[in-house]
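To start, the structure itself, in structure tokens.
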Amino acid sequence: MTNTTTQDLFSEISFGSLRLPNKLVMAPLTRLRADERGVPTDIMVEHYAQRASLGLIVTEGTWPTIEGRTWIGQPGIEAEEHVAGWRRVSDAVHAAGGRIFMQIMHGGRISHELLTGTGRIVAPSALAAPDPIRTPEGKADAPVPHALQVEEITEVIAGFVKAAQNAIDAGMDGVQIHGANGYLLHQFTSPASNVRTDGYGGSPENRARLSIEVARAVSEAIGGERTSIRLSPQHNIQGALETDDSDALATYEALASGLAPLSLAFVDVLSADPAGELVQSARRLAQAPLVVNTGFSEQTTRTQASELLKSGAADAVAVGRAAIANPDLVHRWSQDLEENTADPATFYTGDHVGYTDYPSLADLN
Ligand SMILES: Cc1cc2nc3c(=O)[nH]c(=O)nc-3n(C[C@H](O)[C@H](O)[C@H](O)COP(=O)(O)O)c2cc1C
């Protein structure tokens, strides 16, 4: 099927100096296939290389420092062994013709001492997350976090910067700062998880401050054209609630305004209402290409992705579960062909099943 919509989705776009052959971005997808030290494994090399035909791959959330780790099996980018492991992934993706950014994720209070090994977990305020945490010893109540002191916030920013430099050393084309989904930066943005009374809490501008400072510091270190950020305004997840519409609008407008001078490669927004005022206002203010994803409740489809572009609501679309199940998603969607279905039972199981064994159409024929 050939129409303008299809042509739009499958035409080129530039993010910074990187030219993408199509506007389908592989969404960041945690799959817990790293080893217990967070080093990427052989199946991760294979998995990402299989998906190199997507316009851009964004890796799973990767911890910058051990205190930012959220799960066993999650990869890190802190130590030399992580850099060496990720180098194998980026080399394989590039050899297959692809492009790859690393998502850097500090989990903040969505963690446990058994995961960080530092004797504490950290957050903007000493407020526990609402849901249990998966630890190596089973599910545990979310601990009350240590509220970061201002000088410790400086260390968190430095951790993101070092991780971004490590990602570039590992051959990544850029990084995505995880500012979404209830993890550390989002915990600062949300008034439900941030009750600080200093310069990082209170007003919308103060709650937006850390995300901006991290984005600025990372941009200064590796270049704005190699830096992106993921946001999820009013996603209301993991206790990072943003239920007041006018406060959320003011917060994300402040955040987006702070991003504008950085000339970011792109901003990735997860929102059930991507065409709405909040997302589009942030888009105008941030002055960067906009990638959207409509979130978990309904899986992104080819039709939805095409319509998002056709309507002008987005410059590109991030695709999660369809990219898990279809290594050759671009081929299938561009030719309007049948698709494999993702199996949620194998999202986090740790081996190759449901990870590297989804067939491409070429394997079947
Ligand atoms: C298994 C799984 C793991 C995910 N891991 C991450 C992650 O590490 N970082 C992130 O920002 N979003 C993560 N997400 C959210 C996805 O990036 C995406 O927003 C979500 O799957 C909705 O898009 P879809 O309908 O195309 O699947 C994850 C989603 C799934 C299903």
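From a predicted model like this one, the values you see are computed outputs, not experimental measurements.
Screening residues 151-180 for salt bridge (charged side-chain N to carboxylate O under 4.0 Å, His left out), with sequence neighbours left out, gives Arg120-Glu152.
The salt bridge (Lys or Arg N to Asp or Glu O under 4.0 Å) test applied to Arg226 returns no partner, not counting sequence neighbours.
Remark: side-chain polar atoms of Ser193 are paired, donor with acceptor, to backbone N or O of Gln187 under 3.5 angstrom. In this structure, Gln176 contributes its side chain and Met102 its backbone to no donor-acceptor pair below 3.5 Å. Judged by distance alone, the side chain of Asn293 and the main-chain N or O of Leu270 form no donor-acceptor pair under 3.5 Å.
For the residue pair Asn326 / Arg332, a side-chain donor-acceptor distance below 3.5 Å is found, with atom types taken as modelled. In summary, the side chains of Glu253 and Ser281 do present a donor paired with an acceptor at a separation below 3.5 Å, with no hydrogens or angles considered.
Counting only heavy atoms from C-beta outward, the side chains of Glu60 and Pro75 approach each other to under 4.5 Å. Side-chain contact between Leu262 and Arg216 is present, with at least one heavy-atom pair separated by less than 4.5 Å.
In terms of heavy-atom proximity, Pro143 sits nearest to Ser111 at CD-O, 3.5 Å. The minimum heavy-atom distance between Arg33 and Thr41, with the atom names listed, is O-OG1, 2.7 Å. Ile43 and Thr356 make their closest contact through O-CG2, 3.4 Å (heavy atoms, listed as atom of the first residue, atom of the second, distance).
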Residue pair Thr341, Asp343: steps toward the side-chain hydrogen bond (donor to acceptor under 3.5 Å, both in side chains) verdict: CA-CA 6 Å; Thr341 306; Asp343 177 8; over 6 Å; no

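Using the six-membered ring where Trp is involved, Tyr48 and Trp86 have ring planes that are tilted, between 30° and 60° apart. Between His235 and Phe296, the angle of the ring planes stays under 30°, which puts this pair in the parallel group of the 30/60° scheme. Ring geometry, Tyr355 versus His47: the interplanar angle falls under 30°, so the pair is classed parallel (tilted spans 30 to 60°).
Tracing side-chain contacts under 4.5 Å through hydrophobic residues (I, L, V, M, F, W, Y), one reaches Leu259 starting from Phe160; they form part of the same cluster.
By the 6.0 Å contact criterion, CG on Asp91 is enclosed, its count of non-hydrogen atoms from other residues, nucleotides or ligands being greater than 12.
Taking a cutoff of 4.0 Å between a charged side-chain nitrogen and a carboxylate oxygen, Arg19 and Glu12 qualify as a salt bridge.
In the hydrophobic clustering (ILVMFWY side chains linked at under 4.5 Å, chained through shared members), Ile66 is joined by Trp63.
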